[in-house]
Amino acid sequence: MGLLTGPSDGPSPLLTLTLVSKSYPCAGLRVPALDRVNLSLGSGEILALVGPNGSGKTTLLKVLAGLVLPDSGSVRCPDEPGFSPGEERSFYGPLSIIENLRFFGRLAGLGEADLKRRLLELEPDLELSAFWSLPYQQAASGVKARLSVARALLRRPDLLLLDEPTRSLDLESSARVRGLLKKEYLGADGRLVVWSTHRLEEAWETATSIAVLDRGSLAGLGSPAELQERTGAATPAQAYAGLHGSKAVPREAAP
Amino acid sequence: MRTGASDLLLAFLRRDAFFYASYRFGFALDLVSVLLSTATFFFVARLIGDRALPSLAAYGGDYFAFVLIGIAFSACQGVCLHSFSQSVRKEQLFGTLESVLTSRVSFPWLILASSQWDFLYAGLQVGLYLGAGTLFFGLALPAANLAAFSLVLAFTAAAFLSIGLASAAVILRFRRGDPAAWLIAAASDLLAGVYFPVSILPEPLRLLSKLVPMTHSLEGLRMTLLGSAGVADVLPQILALAAFSAVLGPLGVLSLRLALDEARKNGSLGHY
């Protein structure tokens with residue numbers, strides 16, 4: 001189950017995971033989170049990770065971000081990825097939105113002028129400027145989610161890692177964020193996105209490849225069309241259910 | 001677009017200035033606290049009068065000056081011991097540790113840059129103690145040797161920051177207070193001569209006091225500020241502090257590296 005290989009087995013993939021396994025200690029036992037995952041992706045791809053809670057999506061993203069060390073296997077991917085974590089609690093609550101952006105922008109090597117230029121580029125899709133002076137802790141979930149995406153995109157990283165970036169977004173905002181990902185990464189030389197989501201329709205609409213994770217293993221991997229063809233499914237939800245090997249379909253995807 | 005060291009330091013300083021600005025009342029409280037304790041020890045010194053003179057001869061004989069330097073730099077020691085661990089804890093509680101570590105900032109830089117506000121504030125506190133003592137209570141340091149004082153202070157900081165690294169490792173690993181740093185801080189009050197000279201302690205405690213870095217630090221600081229001692233006079237204190245740094249520094253770096261690896265293995269960097 002975990003030995004599927006990605007669709008971009010070209011001569012020089014940008015991202016390669018080879019037999020990556022990870023387990024966490026819990027009450028004296030090891031709880032598996034990733035089980036011998038093989039993955040290979042090339043430039044300009046957008047990979048969507050789908051799977052139920054606890055299937056290993058966040059662990060996979062954190063392994064790629066260098067925040068979690070795998071127990072075994074090897075990881076090769078661009079250095080210094082942009083990372084948008086799944087938790088809201090990843091900014092300084094008392095600071096305003098713009099001060100948070102200034103702080104993380106400076107850490108990313110952006111001076112004031114570069115930061116402003118970049119924020120102007122992102123503004124049509126992320127619409128943050130109206131909230132710049134608002135303390136982060138008072139911002140709505142949707143603003144926080146867009147801010148997290150903005151931070152990850154500030155320095156146009158070669159590898160963009162997003163953990164459920166559209167979870168708190170309304171449909172329109174979500175479409176804009178996904179449009180932004182396509183605009184900046186789809187087909188881009190030397191750059192790619194790995195993105196986790198429970199929204200299957202969004203994954204099918206946006207990603208060039210979909211990885212279905214099930215209890216840490218890759219249950220399916222391929223382009224949206226390939227996955228539907230392989231499972232004979234008419235809809236993403238049916239394809240997901242067929243690959244996942246259970247009837248458990250994420251709530252957001254249920255017809 | 002690589003972040004320069006000065007840019008990084010400025011970014012953290014600016015961030016912490018905003019935090020501080022949201023709690024200005026804290027500064028007023030600290031100021032009142034400094035004034036109250038300075039006044040308290042001024043009157044304790046008047047009570048003691050010349051009776052302490054023989055024990056304090058090496059420091060100019062004035063108990064008020066002796067104890068004020070003790071409490072001012074004892075507070076400074078506390079900052080050096082705990083600032084690294086508190087910086088890590090702050091990032092854990094905000095949930096920003098992972099975000100900062102994925103934005104090109106190495107862990108040692110993170111704790112250093114994140115602690116600089118505390119160091120500046122500690123310097124300000126020392127200035128407040130000595131300033132209040134001078135302005136309101138007649139403290140005078142006419143014989144201070146500032147060059148030798150600065151050297152002792154630098155070696156003091158190195159010794160305590162070495163312990164601070166290990167303390168940060170404990171916080172990273174267990175997300176709870178570090179008993180070793182707490183013990184050192186508590187033992188310093190009794191053994192290091194913060195409130196009274198070490199020479200009045202019984203022999204066993206006096207020997208034990210040699211194992212506390214603060215003992216050598218306060219001795220050197222007082223000799224240079226009150227006794228006009230030069231670098232050669234405080235060489236034993238400087239060498240003792242250097243020895244602490246030489247032993248504790250590598251241990252601190254190693255323990256921090258191990259704690260970081262452990263957190264990445266357990267996936268606990270984001271835990272709080």
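Lettering of chains follows the sequences in order, A, B, ..., and the numbering in each one begins at 1.
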Go through the side-chain N and O atoms of B:Ser188 and B:Gln77 and say whether any donor and acceptor fall under 3.5 Å apart.
yes
In terms of side-chain heavy atoms, does A:Glu164 have a donor or acceptor partner in A:Ser196 at a distance below 3.5 Å?
no
Can you find a side-chain donor-acceptor pair between B:Ser268 and A:Tyr24 that sits under 3.5 Å?
no
By salt bridge (Lys or Arg N to Asp or Glu O under 4.0 Å), which residues pair with A:Glu121, not counting sequence neighbours?
A:Arg118, A:Arg156
Ring center gap for B:Tyr20 and B:Trp117 short of 6.0 angstrom:
yes
Looking at chain B, which one of A:Val63, A:Val68, A:Leu67 has the largest number of heavy-atom pairs inside 4.5 Å, strictly under?
A:Leu67
Segment of B:Glu262 engaging chain A (4.5 angstrom heavy-atom cut-off):
neither
Toward chain B, the part of A:Tyr92 with a non-hydrogen atom under 4.5 Å:
both
So, for B:Phe42 and B:Phe136, is the gap between ring centers shorter than 6.0 Å?
no
Chain B heavy atoms under 4.5 Å from A:Pro81: which part of the residue, side chain, backbone, both or neither?
backbone
As an exercise: rank A:Asp71, A:Leu161, A:Leu95, A:Thr59 by heavy-atom pairs under 4.5 Å with chain B and give me the winner.
A:Leu95
Under 4.5 Å to a heavy atom of chain A? For B:Leu260 that would be neither
Which bit of B:Arg15 is near chain A, if near means a heavy-atom gap under 4.5 Å: side chain, backbone, both or neither?
both
Looking only at A:Phe91, A:Phe103, A:Phe83, A:Phe104, the option with the highest number of non-hydrogen pairs under 4.5 Å against chain B is A:Phe103
